[in-house]
Colleague: 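Okay, here's the structure, questions in a sec.
Nothing here was measured: the structure is a model prediction, and the numbers come from that model.
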Amino acid sequence: MTGQKLNAASAVKKKMSKKRGMLFYVTMIAFPLLQFVLFYVIVNFNSVLMAFQNYDNSTGKEVITFSWDNIAYFFSADVVVDLWLCIKNSLMYLALNIFVVMPISLLFSYYVFKKFHMAKLFKVIMYLPSIVCSTAMVIFYKYYINDALSGLFGGSVIGPIFNAYQQGVIIVFYLLMSFSGNILLYINAMCQTPESVIEAANIDGANEGRIFLNVVVPQIWGTIVSLIVIFFAWLATNQAYLFTFYGFNANREYQTIGYYLFNMIQDGRFTGAALEQNYRKASALGLMLTLIVAPVTILVRNLMLKYGPKED
């Protein structure tokens, strides 16, 4: 009987412990789940609905009807011209991120990782732009280009008036700011590479180039793939610091999809049927971009994971 009582008491304790564990789990997971539902599911569901809504001029009320008007708007001749220009600029920044920023960031990260001469100084110099507020960096850069280098360019470059040098100096600023953001990620990933693997490569007579390409890159390939996925996701939202430089008045020749969408949403703040309809147009454009960018991003990720270098 005593044994049965002990077993029963033990079973009750286990049951209570399991309940407390479940209560703790539910308590901890409830808040992030609530955030996910409120700020992702509901927001995106409402955005999809808005893509097919129209604003009734006569009553001033939203009329939720299934209509392709907001999507058709972006296929009109004058809008297509502006939109295609924004798409080309966004693709240019995507290419810069993948083919310029990423390789140079990887090389500098490897330099710091191997603790070559003045590696710590290079680490600080490369990371500093990401510490300082981007607005402060823009102000400094504008004064530097427009005043200190005015003799080289023949006057002010960054301003409301179009000139031949303007997009070039904006791209240079974007590159300088982009390098710093990836350095720490790459260095941290490289630090996970076992020292024994690098020592084995040195014993086998591999030079630094071979170690970098055949040992380190395969070890951090997951981080590289993740960043490329982020670059593709940025395709529809990247403003390339245009708003910080120009506010709402960036020259149409330099605008990206992210800047175009941002301006459209800002116009929707003002009362009026035509302006408030911009919210719905922006939702329609966002929906179309998602349907294009999301599958491409997933495809690129799967291809890179399948055909990219392996650790073994």
Side-chain angles (χ1 to χ4, degrees), residues 40 44 83-84 86-116 119 122-123 126-127 130 171 174-240 256-258 285-312:
Y40 185 84
N44 283 285
L83 197 58
W84 179 239
C86 293
I87 291 173
K88 287 195 294 184
N89 287 331
S90 294
L91 290 173
M92 176 192 67
Y93 283 108
L94 174 64
L96 287 173
N97 277 322
I98 295 175
F99 299 112
V100 179
V101 174
M102 179 170 283
I104 295 177
S105 297
L106 280 169
L107 289 173
F108 269 98
S109 299
Y110 183 71
Y111 188 92
V112 174
F113 165 68
K114 292 302 295 284
K115 300 178 182 178
F116 290 137
F122 277 116
K123 183 178 180 180
M126 294 300 294
Y127 189 64
S130 63
I171 290 173
Y174 179 83
L175 292 176
L176 292 173
M177 293 295 290
S178 298
F179 288 135
S180 63
N182 301 330
I183 292 281
L184 280 187
L185 289 174
Y186 290 134
I187 293 175
N188 290 336
M190 290 177 184
C191 288
Q192 306 304 313
T193 304
E195 292 185 9
S196 58
V197 177
I198 296 178
E199 289 174 359
N202 285 324
I203 293 172
D204 290 338
N207 57 30
E208 292 297 341
R210 299 289 294 179
I211 294 174
F212 173 70
L213 291 175
N214 297 103
V215 178
V216 175
V217 169
Q219 291 284 331
I220 66 169
W221 188 247
T223 302
I224 294 174
V225 172
S226 298
L227 284 173
I228 289 180
V229 168
I230 292 173
F231 292 153
F232 271 89
W234 276 351
L235 185 64
T237 58
N238 186 8
Q239 295 187 34
T256 63
I257 286 290
L285 180 57
L287 182 61
M288 289 189 292
L289 291 171
T290 301
L291 293 175
I292 296 171
V293 173
V296 172
T297 303
I298 294 171
L299 177 63
V300 169
R301 175 187 176 276
N302 291 339
L303 290 175
M304 292 188 68
L305 290 176
K306 183 176 181 179
Y307 297 107
K310 303 293 190 295
E311 293 183 15
D312 53 357

Colleague: Indicate yes or no: at least one non-hydrogen side-chain atom of F232 is less than 4.5 angstrom from one of R301.
Modeller: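 No. Closest side-chain heavy atoms not under 4.5 Å.
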Colleague: Are E199 and P194 side-chain neighbours, meaning at least one heavy-atom pair lies under 4.5 Å?
Modeller: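 No; the side chains remain at least 4.5 Å from each other.
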Colleague: Are the side chains of F113 and I220 in contact, using a 4.5 Å heavy-atom criterion?
Modeller: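 Not in contact.
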Colleague: When rounded to the nearest 0.5 angstrom, what distance separates OH in Y93 from CG in L175?
Modeller: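 Separation between the atoms: 8.5 Å.
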Colleague: On a heavy-atom basis, which atom in A189 and which in T223 lie closest, and how many Å separate them?
Modeller: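 Minimum heavy-atom separation between A189 and T223: CB-OG1, 3.5 Å.
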Colleague: Drop me the distance from I298's CD1 to N302's CG, to the nearest 0.5 angstrom.
Modeller: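 These two atoms lie 7.5 Å from each other.
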Colleague: Which value, rounded to the nearest 0.5 Å, describes the distance between K114 atom NZ and S109 atom OG?
Modeller: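 If I round to the nearest 0.5 Å, the distance is 14.0 Å.
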Colleague: Contact between L285 and M288 at the side-chain level, heavy atoms closer than 4.5 Å - yes or no?
Modeller: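 Yes, close enough: below the 4.5 Å cut-off.
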Colleague: Within the 4.5 Å heavy-atom criterion, are Y110 and L106 side-chain neighbours or not?
Modeller: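 Of all side-chain heavy-atom pairs linking L106 with Y110, none is under 4.5 Å.
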Colleague: What is the distance from atom CG of L107 to atom CE of M102, rounded to the nearest 0.5 Å?
Modeller: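 That separation rounds to 12.0 Å.
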Colleague: Can you check whether Y186 reaches L227 side chain to side chain, under 4.5 Å on heavy atoms?
Modeller: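 With C-beta onward as the side chain, the pair touches.
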Colleague: Testing the basics here: between S105 and I183, what is the closest heavy-atom pair and its distance to 0.1 Å?
Modeller: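 In this case the closest contact between S105 and I183 is O-CD1, 3.8 Å.
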Colleague: Let's go through V217 and W221 carefully: what are the C-alpha distance in whole Å and the side-chain angles of both, what is the deciding distance for side chain to side chain contact (heavy atoms under 4.5 Å, CB included) to 0.1 Å, and is it a yes or a no?
Modeller: CA-CA 6 Å; V217 169; W221 188 247; 4.0 Å; yes
Colleague: Run through V225, I224, I230 and flag the one making a side chain to side chain contact (heavy atoms under 4.5 Å, CB included) with I228.
Modeller: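 Answer to the side chain to side chain contact (heavy atoms under 4.5 Å, CB included) test with I228 among V225, I224, I230: I224.
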Colleague: Evaluate side chain to side chain contact (heavy atoms under 4.5 Å, CB included) for Y174 paired with N238, printing each intermediate quantity in order.
Modeller: CA-CA 11 Å; Y174 179 83; N238 186 8; 3.0 Å; yes
Colleague: Return the CG to CH2 distance between N89 and W84, rounded to the nearest 0.5 Å.
Modeller: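 Reported value, rounded in 0.5 Å steps: 11.0 Å.
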Colleague: Does anything in residues 209-229 pair up under salt bridge (Lys or Arg N to Asp or Glu O under 4.0 Å), and if so which pairs, sequence neighbours excluded?
Modeller: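 Residue pairs with at least one partner in residues 209-229: there are none.
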Colleague: Please say which of N202, D204, T193 ends up in a side chain to side chain contact (heavy atoms under 4.5 Å, CB included) with I211.
Modeller: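 That would be N202; it is the only one of N202, D204, T193 passing the side chain to side chain contact (heavy atoms under 4.5 Å, CB included) with I211.
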Colleague: Say you draw a straight line from OG of S178 to CD1 of I171; how long is it, rounded to the nearest 0.5 Å?
Modeller: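 Rounded to the nearest 0.5 Å, the OG-CD1 separation comes to 11.5 Å.
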Colleague: Can V300 and L303 be said to form a side chain to side chain contact (heavy atoms under 4.5 Å, CB included), step by step?
Modeller: CA-CA 5 Å; V300 169; L303 290 175; 5.8 Å; no
Colleague: Identify, with sequence neighbours excluded, every residue that meets side-chain contact (heavy atoms from CB on, under 4.5 Å) alongside L91.
Modeller: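 Only I87, L94, L235 meet the side-chain contact (heavy atoms from CB on, under 4.5 Å) criterion with L91.
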